[in-house]
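Contents: one structure, followed by commentary.
Convention: sequence-line order gives letters A, B, ...; per-chain numbering from 1.
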Amino acid sequence: MSRLARSLVRHIDPAVAIAFGCIAALLFLGSLYSTSFVSPAFLLQQLKVASFLGVIATGAMIVILLGQIDLSVPWVVAVGGMMSTAVASWWGPVGGIIAIPFGILCGVALGLVSGFGVAYLRIPSMIVTLAVNAVAQGLMVVHTGGFSPQDASSQAMRFLATGNSLLGIPNALLVWGVVGAAATFLLSRTTFGRAVYGIGNSERAVYLSGVKLQRVVLLAFALSGGLSAFGGVLLAGYASKAAQGMGDAYLLPSIAAVVLGGTSILGGRGNYLGTVAGVILITLLQSILSVMQIEESGRQIIYGVVIILMLLLYGREGLVH
Amino acid sequence: AAGPKIVAGPNSDPKCFAPWTDSVKLFQFTQKKGPYRIALANGFIANTWRIQMIKTAKAYASQPDVATKLKEFKVVSTGEDVAAQIAAVNNFIDSGYDAIVVNAQNPTAFKPVIKRANDAGVVLVAFDNTLDTEDAINVNVDQKGLGEYWADWLVKNIPNGGKILEVRGVSGTSVDRDRHDGIQGVLKASGKKWDTVEVIGKWDDPTAQKVTADAIAVHKHFDGVTAQGGDTGVVQAIIDAKHPFVPFGGETENGFRKFCAKYSADGLKCASGGTGPAQVAVAIKTAIAALEGNVVPQSIKLPLARVEDPNFKDGQDFYSEQSDNFFVGNAFPTCGINFTAQEIMGQSEANQ
Amino acid sequence: MAFFEMKGVFKHFGGVSALQNASLNVEAGRVHAILGENGAGKSTLIKIMAGVVMPDEGRMIMEGREVQFASPASANQAGIACIFQELSLLPDLSVADNIAISNPPKRFGLIDRRAQRRIAEEALARAGGQDIHPLTPVKDLPLSRRQIVEIAKALARSPRILILDEATSALAAADVDKIYTVLKRLRSEGLALLYISHRMQEIAELADECTVFRNGRNVATYKAGTKSDNEVVELMIGREYSHVFPPKPSVVPSERTPVLEARELSWTNRLKNISLKVNAGEVVGLGGLDGQGQRELLLALFGVLRGVSGEISIDGKHESVTSPHLAKSPGIGMALIPEDRKTEGLMLPMSVRHNLSFAALGRLSRLGVIDRASEDAAVDDVIHLLSIRTDGTNNPVGALSGGNQQKVLIAKWLMVTPRIILLNDPTRGIDVGTKQELYQLLRKLADSGAAILFYSTDYAELIGCCDRVLVLYDGAVKQELIGPDITEHALVSSALNITSKTEEAGAKLAIGA
Amino acid sequence: MNEWRYRIGEHRQTLLAFIVFLLMFVIYVSNHPAGFNANVVTTAANKGVLLALVAMAQTIVVLTAGIDLSVGMVFILTNCLASWIVVGSLGMTALGVIGVLLTGSLCGALNGLIVIYGRLQPIVTTIATGAIYFGLALALRPVPGGDVNSTLADSLTGQLPGGIPASLVALFIVVLVIWVPFRRSEIGRAVYAAGSSEIAAYMSGVPIRRAKLVAYSLSGLLASMGGLFLTFITYSGEASAANGGTYTLYSIAAVVLGGVSLFGGAGSAIGAIFGALMFRTIGDLLFVFDLEPLWQPLFQGIVLLVAVSLGSVRLFRIRNRLDLFG
Ligand SMILES: Nc1ncnc2c1ncn2[C@@H]1O[C@H](COP(=O)(O)OP(=O)(O)OP(=O)(O)O)[C@@H](O)[C@H]1O
Ligand SMILES: Nc1ncnc2c1ncn2[C@@H]1O[C@H](COP(=O)(O)OP(=O)(O)OP(=O)(O)O)[C@@H](O)[C@H]1O
Ligand SMILES: [Mg+2]
Ligand SMILES: [Mg+2]
């Protein structure tokens with residue numbers, strides 16, 4: 001217990017602390033506009049919605065730690081949602097149950113394609129994932145047009161995404177909690193995690209250390225794909241249906257969240273707690289803006305300015321010398 | 001100059017090709033001998049509406065009486081990028097197609113293309129996202145009128161005004177703006193006291209659902225809701241927030257109408273209006289008519305497919321076994337176009 | 001009055017104090033050598049001179065005028081050119097671009113590539129790099145060639161003070177000789193030269209004055225040649241200094257089946273039918289001029305190279321080693337200490353602990369889950385074994401001084417308890433004290449049954465450490481020197497591939513070329 | 001002769017991009033119903049040049065080892081602005097054009113200033129500024145519309161005597177007036193240096209900050225040229241977030257297909273231009289091959305995937321596995 005507490009203290013770096021500070025500040029400003037921004041109902045609602053971004057950002061973070069990036073998020077999310085709902089309808093009750101793992105597996109499959117391209121073909125991730133995103137879109141268009149699939153989500157998905165469990169905590173939040181805990185463990189306590197950080201710092205050194213570097217990269221992208229798809233499954237559960245465009249709103253926010261959380265886009269540095277903070281920050285900011293009655297143009301500008309300001313607070317890199 | 005002759009009339013098929021206003025010009029293109037080569041220059045493709053639209057177009061083109069008139073029916077989708085769509089239209093013109101049907105990414109972007117088409121004697125018909133022009137045929141949905149229709153419903157069903165949630169579409173588009181103007185216009189004119197809260201739903205269910213949930217969490221209560229897309233998500237948010245059902249003016253998604261039918265008794269009093277993707281068929285029909293030298297109005301008004309509570313009928317106004325994303329309102333009886341869900345989505349495994 | 005003077009310089013990096021009240025006098029037309037252990041503060045001092053690091057305190061006086069350099073650029077203006085230890089070359093740019101980077105020749109406001117190329121060719125010629133094509137991207141050059149380019153780059157600036165920080169650490173004797181002649185000429189042209197090196201014989205050859213640094217202080221300044229090597233070393237490390245090399249076992253291990261045997265190894269045109277045996281308990285050296293295929297040979301054995309023909313057998317059993325992963329597997333138990341610790345050896349921003357355990361994680365984990373306790377234990381062991389100087393194993397390894405970084409790199413591989421150890425120039429940029437510890441360590445490992453293959457650019461250590469030396473020339477083994485036959489003379493002549501008749505000449509050529 | 005090895009080696013990537021593009025384009029025109037004629041080429045050129053300009057903008061930032069995710073939004077913003085001010089008399093129009101280009105450069109410079117003096121990571125900086133620029137675009141054009149000096153527009157999107165696409169000539173001039181001098185200038189090389197190794201560049205006394213600021217500003221300038229050209233093609237302005245995002249991603253694809261290293265320091269805007277043309281041709285293949293409409297996106301995706309995988313053939317030539325890893 002105390003060991004855990006100590007390690008926690010050791011892991012909290014200033015960036016993360018400030019990030020959580022920003023969250024408080026944001027809520028305070030919000031409360032000036034409307035006190036309901038600090039009402040438990042609203043906060044839980046926010047955490048619930050944040051969970052979807054949280055799950056997706058987890059995958060994004062693992063890839064970013066490698067020094068890579070995953071631009072296939074939008075359509076992998078959609079694949080997760082659409083395939084799971086489709087399966088849910090195909091084999092009746094059986095489908096309802098295997099729907100979730102199936103959706104995730106589809107994401108893993110796409111992740112493996114990206115991973116293969118990056119790890120074995122050595123194509124820059126930015127472009128492979130872009131291409132995989134296009135392929136995923138193509139697949140979903142054919143899927144929709146060809147099979148007019150059902151898109152109503154199964155009970156299980158509804159339950160995960162919108163249900164509440166003990167003490168009225170949203171299940172989605174619990175799901176994120178589990179995913180987060182797993183990710184933290186994976187990154188800090190396993191050889192895989194070490195390898196990920198290592199690769200982010202120096203691929204050559206990792207390779208010469210006799211680590212199966214390419215397999216680690218492949219795995220990382222598979223994870224990212226699976227988590228994006230899982231995000232899609234949850235979103236489908238939340239919306240009670242899947243739709244092609246459901247992932248569009250998650251690419252840039254997931255990257256922004258990870259970086260706002262103090263993870264270096266160059267790889268090798270960052271911890272999960274930061275990503276948690278980043279995710280909550282982005283979600284809150286979006287929600288607060290969305291209900292403020294100002295022109296959309298104004299919202300966009302404020303959104304950008306606020307992110308810059310927060311980064312200036314703590315996201316700065318050291319000088320080269 | 002080149003292009004269609006402006007004629008006094010008579011309109012070759014006033015019932016189907018209903019002119020937008022009495023003042024609309026009537027076009028007559030020089031008659032061409034069939035069968036014709038017709039192209040559909042679509043932009044964005046990756047949502048159910050567009051996919052359904054394309055399948056309808058193929059289905060319509062392969063209907064026996066239509067098929068005989070067509071030598072070739074080609075479809076190209078160019079994505080969000082308007083420049084690519086313009087290039088596609090240009091390519092169709094250069095490749096000597098007789099008519100081009102287009103769902104424009106940007107209504108104002110086609111001025112030069114329209115000119116080229118007219119110079120080349122190619123019939124250009126726009127639908128859904130139509131063109132701001134008097135030199136090409138527009139098959140219009142009355143977007144402003146749609147907004148007015150929704151607002152009327154709210155005015156009718158909310159006796160003494162109140163707080164309205166308006167879920168808007170994609171910012172920067174004219175469709176969003178027109179529908180918004182329609183809504184606000186009617187509300188103002190109604191003389192009742194209205195207070196509208198606007199959120200951006202982007203015509204997308206998850207987005208609409210999230211912003212609706214936020215709005216409810218902050219504003220606690222609304223007396224009425226109107227949404228121009230992503231309506232299924234909006235209703236879902238209302239249910240999840242345990243917000244009492246209130247009058248709702250919305251689009252024509254199958255999922256939305258399912259909800260309306262299901263919760264009518266609980267107070268979800270809906271007006272569902274719009275035009276399904278089948279309008280592409282009307283556009284093709286118009287193009288063929290024009291090629292045959294028949295007189296058609298420059299601006300055609302599509303009838304809205306509308307249903308109000310309490311008469312949502314399964315299998316006619318919505319399809320409980322079809323997907324939520326499916327768009328109903330595909331019947332244009334005045335044009336002899338009447339697609340059922342099955343014809344469009346249903347038996348399509350066959351033709352893949 | 002000194003040409004350039006530093007007075008009372010202090011510099012702290014976080015907790016570490018790199019310099020404490022250091023001072024230095026540099027005269028024009030002289031070569032001033034700076035000696036000191038790793039982490040003594042040498043590089044920091046000259047980084048301050050070169051405007052890379054800002055001192056906390058202290059004054060710099062150039063020709064009687066107080067000066068301050070806010071950036072390397074401004075130091076350049078003042079005529080100070082520095083050859084940094086972490087090479088300051090731009091990998092993607094061509095050699096010519098690099099040489100002319102700071103003030104390229106221009107025509108109509110644009111860079112005049114022809115003129116630039118002329119400048120580059122001249123500079124390369126002066127630095128003894130005629131063989132380097134000015135259009136080669138720097139990233140395609142081996143480290144030793146890069147150091148030549150680095151020197152050429154400094155010369156092209158026609159500086160008044162030239163600083164070399166371990167600038168020859170990767171050069172083989174012949175190259176170094178060329179540099180000597182250049183430096184001597186520059187001295188006669190009246191430049192002030194600052195020369196940092198861990199190689200005593202270089203200092204002896206070049207220096208006029210020497211200043212010894214210890215723990216950030218200048219502890220002694222003396223005329224070159226007025227102190228014996230041992231005295232100097234004791235000044236540096238501040239303790240008694242026994243002789244450098246551990247005694248070799250009198251009897252060369254008997255002909256058991258060699259732990260490592262290679263037959264007819266060939267690879268592209270860089271390795272030609274190389275056969276070698278390394279027995280348990282043996283330290284076998286690889287000699288020869290730099291870039292004769294020694295590095296490639298080590299990489300080939302370690303499974304890094306593709307399309308290697310020939311056979312490798314371990315304990316007499318034929319094995320195909322196709323990846324470092326296989327190479328380090330218990331069945332083979334091979335370790336490679338790579339050439340460039342900063343990019344191939346260590347992950348500088350990561351903690352000392354994680355760097356140390358990185359290669360050994362396999363055995364420190366169960367089902368991929370790291371056993372923290374045994375990791376800590378193992379890490380602490382090696383830190384003791386090699387007496388690595390670090391304040392806290394959670395600090396980034398990049399903040400250690402080079403010598404200690406090198407130790408970490410070696411320790412990292414000792415953690416996998418290898419039976420075959422391949423070392424690629426492991427003492428580059430390491431001070432005598434540390435070197436000595438390293439030699440002892442190698443011998444200890446050998447005695448405990450390891451087979452060691454050891455490439456070095458420093459003849460002295462080949463002579464001192466190795467039971468046998470294979471001299472490579474143009475990718476093939478030209479000669480095998482055993483025991484007493486391993487002499488500087490033999491090494492040089494065989495390195496230049498000179499038949500016994502012309503040996504004398506060859507040796508001269510090697511010294512005075 | 002090995003002289004040539006180096007000279008070619010310097011431009012290998014660009015040549016490769018050019019060759020692949022040429023092959024694709026030949027396949028395209030030879031299957032085009034209208035065949036190889038001025039109109040077809042002009043049509044292809046116009047939309048190709050549009051992306052090429054944005055890709056050039058992306059390239060210059062990528063050379064500094066950065067990335068600009070706001071490039072598409074600057075493109076959109078300047079398009080909306082142009083649809084207001086590039087109208088009327090010759091003088092007015094000229095002023096308008098200057099205004100548009102100035103605005104673009106300012107947007108770029110702002111990115112640069114934040115990245116340099118704020119010491120923020122480019123990718124997230126530009127995500128944020130992208131939102132800002134789109135907000136401004138939206139304020140300028142709540143709905144699509146506006147106009148542009150049509151004589152200017154027609155002359156730039158039309159054909160010169162001999163059927164040569166004016167847009168290609170314009171692009172050529174841009175390359176000649178902006179890229180070539182930049183590439184050959186000291187500041188240009190400083191940009192490459194900074195991208196190749198920032199620390200080494202600093203130690204060599206290269207003016208890193210000035211270099212980066214110039215790079216970002218130039219990038220903004222080129223993006224605004226793209227925006228301007230979009231206005232000439234569409235005769236209007238539209239604040240479309242989707243379109244902005246599309247062009248940002250396309251520009252990255254074009255840059256990579258053009259052989260520019262995303263790690264900075266290596267590559268050429270000329271390569272990126274061919275990358276852009278290549279990418280456009282992939283889209284055009286849809287037109288000449290008669291595909292099931294619903295299979296077109298998948299086809300496009302797969303072709304892109306294959307195209308970017310082509311680069312990996314070099315892996316077979318690699319004999320030292322270390323070269324596989326950065
Ligand atoms: N930038 C830095 N950050 C942290 N510590 C540093 C930094 N630069 C130097 N040090 C520390 O200051 C001390 C002096 O380092 P310095 O490099 O000057 O020693 P050195 O004499 O050059 O060693 P070597 O012989 O290995 O080159 C070392 O302990 C080193 O770890
Ligand atoms: N900005 C920095 N932050 C942290 N550590 C640094 C920094 N700059 C240098 N160091 C490290 O401090 C150590 C001493 O600094 P210096 O640059 O003199 O290297 P060094 O001690 O001479 O090591 P080496 O002997 O490479 O060959 C180096 O190992 C270097 O990696
Ligand atoms: Mg040093
Ligand atoms: Mg050193």
Side-chain angles (χ1 to χ4, degrees), chain B residues 37 39-46 50-51 54-55 57-58 72-97 104-113 115-116 120 129 132 170-178 181 202 348 351-352, chain D residues 32-35 37-40 42-48 50-51 76 80 83 134 137-138 141-148 150 153-154 157-158 229-230 232-247 250 280 283-284 286-288 290-297 300:
Chain B
R37 296 173 64 210
L40 166 56
N42 178 43
F44 185 61
I45 185 175
R50 294 294 178 112
I51 293 168
I54 285 175
K55 293 174 70 69
K58 299 283 280 187
E72 178 190 357
F73 179 66
K74 186 178 180 80
V75 183
V76 167
S77 301
T78 47
E80 314 268 15
D81 177 6
V82 63
Q85 190 178 26
I86 291 172
V89 176
N90 279 323
N91 271 320
F92 283 127
I93 295 172
D94 293 327
S95 312
Y97 282 79
Q105 279 305 117
N106 164 353
T108 59
F110 284 69
K111 291 173 198 138
V113 184
K115 193 170 167 309
R116 284 197 76 213
N129 294 302
D132 299 352
V170 172
S171 317
T173 62
S174 44
V175 173
D176 170 62
R177 172 54 60 97
D178 294 346
D181 292 345
K202 299 187 178 172
S348 46
N351 51 23
Q352 291 295 349
Chain D
H32 195 293
N37 74 38
N39 286 347
V40 174
T42 309
T43 303
N46 283 349
K47 76 174 176 180
L50 194 58
L51 181 55
I76 293 297
C80 294
S83 69
F134 176 66
L138 209 49
R141 282 270 166 236
V143 287
D147 202 353
V148 68
S150 54
D154 294 342
T157 56
F229 197 69
L230 176 63
F232 292 153
I233 290 182
T234 62
Y235 279 56
S236 66
E238 181 195 20
S240 156
N243 210 11
T246 307
Y247 270 84
Y250 284 6
R280 285 303 204 187
D284 284 336
L286 294 181
F287 182 82
V288 295
D290 211 354
L291 285 155
E292 254 309 306
L294 293 183
W295 288 74
Q296 288 170 0
Q300 236 165 332

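Between the side chain of Glu80(B) and the main chain of Gly43(B), no donor-acceptor pair closer than 3.5 Å is present. The closest donor-acceptor contact from the side chain of Thr234(D) to the backbone of Ser236(D) lies under 3.5 Å. A distance-only check finds no donor-acceptor pair linking the side chain of Lys202(B) to the backbone of Val170(B) [under 3.5 Å].
Contact annotation for Arg50(B): neither backbone nor side-chain heavy atoms come within less than 4.5 Å of a heavy atom of chain D. Neither the backbone nor the side chain of Asn46(D) comes within less than 4.5 Å of any heavy atom in chain B. Heavy atoms of Ala88(B) lying under 4.5 Å from chain D belong exclusively to its backbone. Residue Thr173(B) touches chain D through its backbone alone, counting heavy-atom pairs closer than 4.5 Å. For Ile233(D), the parts sitting under 4.5 Å from any heavy atom of chain B are the backbone and the side chain alike. For chain B, no part of Ser240(D) is nearby; none of its heavy atoms comes within less than 4.5 Å. If you measure heavy-atom distances from Pro297(D) to chain B, the contacts under 4.5 Å come from the side chain alone. When heavy atoms are compared at a cutoff of 4.5 Å, Phe44(B) does not approach chain D at all. Contacts of Asn37(D) with chain B are absent, with no heavy-atom separation under 4.5 Å from either backbone or side chain.
Checked by atom type, the side-chain pair Asn90(B)/Thr43(D) shows no donor-acceptor distance below 3.5 Å. Counting only N and O atoms by type, the side chains of Asp284(D) and His32(D) include no donor and acceptor under 3.5 Å apart.
The greatest number of non-hydrogen atom pairs below 4.5 Å with chain B, out of Ala137(D), Ala239(D), Pro142(D), is found for Pro142(D). Among Glu238(D), Gln300(D), Arg141(D), Lys47(D), the residue with the largest count of heavy-atom pairs under 4.5 Å with chain B is Glu238(D). Comparing Gly145(D), Pro144(D), Cys80(D), Pro33(D) by how many heavy-atom pairs each has under 4.5 Å with chain B, the most go to Pro144(D). Chain D forms more heavy-atom pairs under 4.5 Å with one residue of Pro107(B), Ser95(B), Ala46(B), Ser174(B) than with any other, namely Ser95(B). Here Asp81(B) is the residue among Val175(B), Val75(B), Ile86(B), Asp81(B) with the most heavy-atom pairs under 4.5 Å with chain D.
Between Phe92(B) and Phe287(D), a ring centre-to-centre spacing shorter than 6.0 Å is recorded.
Ring pair Phe229(D)/Phe232(D) is perpendicular by interplanar angle, where above 60° counts as perpendicular and below 30° as parallel.
The structure places CG of Leu40(B) at 10.0 Å from NZ of Lys58(B), a figure rounded to the nearest 0.5 Å.
Between Arg116(B) and Asp94(B), at least one side-chain N (NZ, or NE/NH1/NH2) sits under 4.0 Å from a carboxylate O, which counts as a salt bridge.
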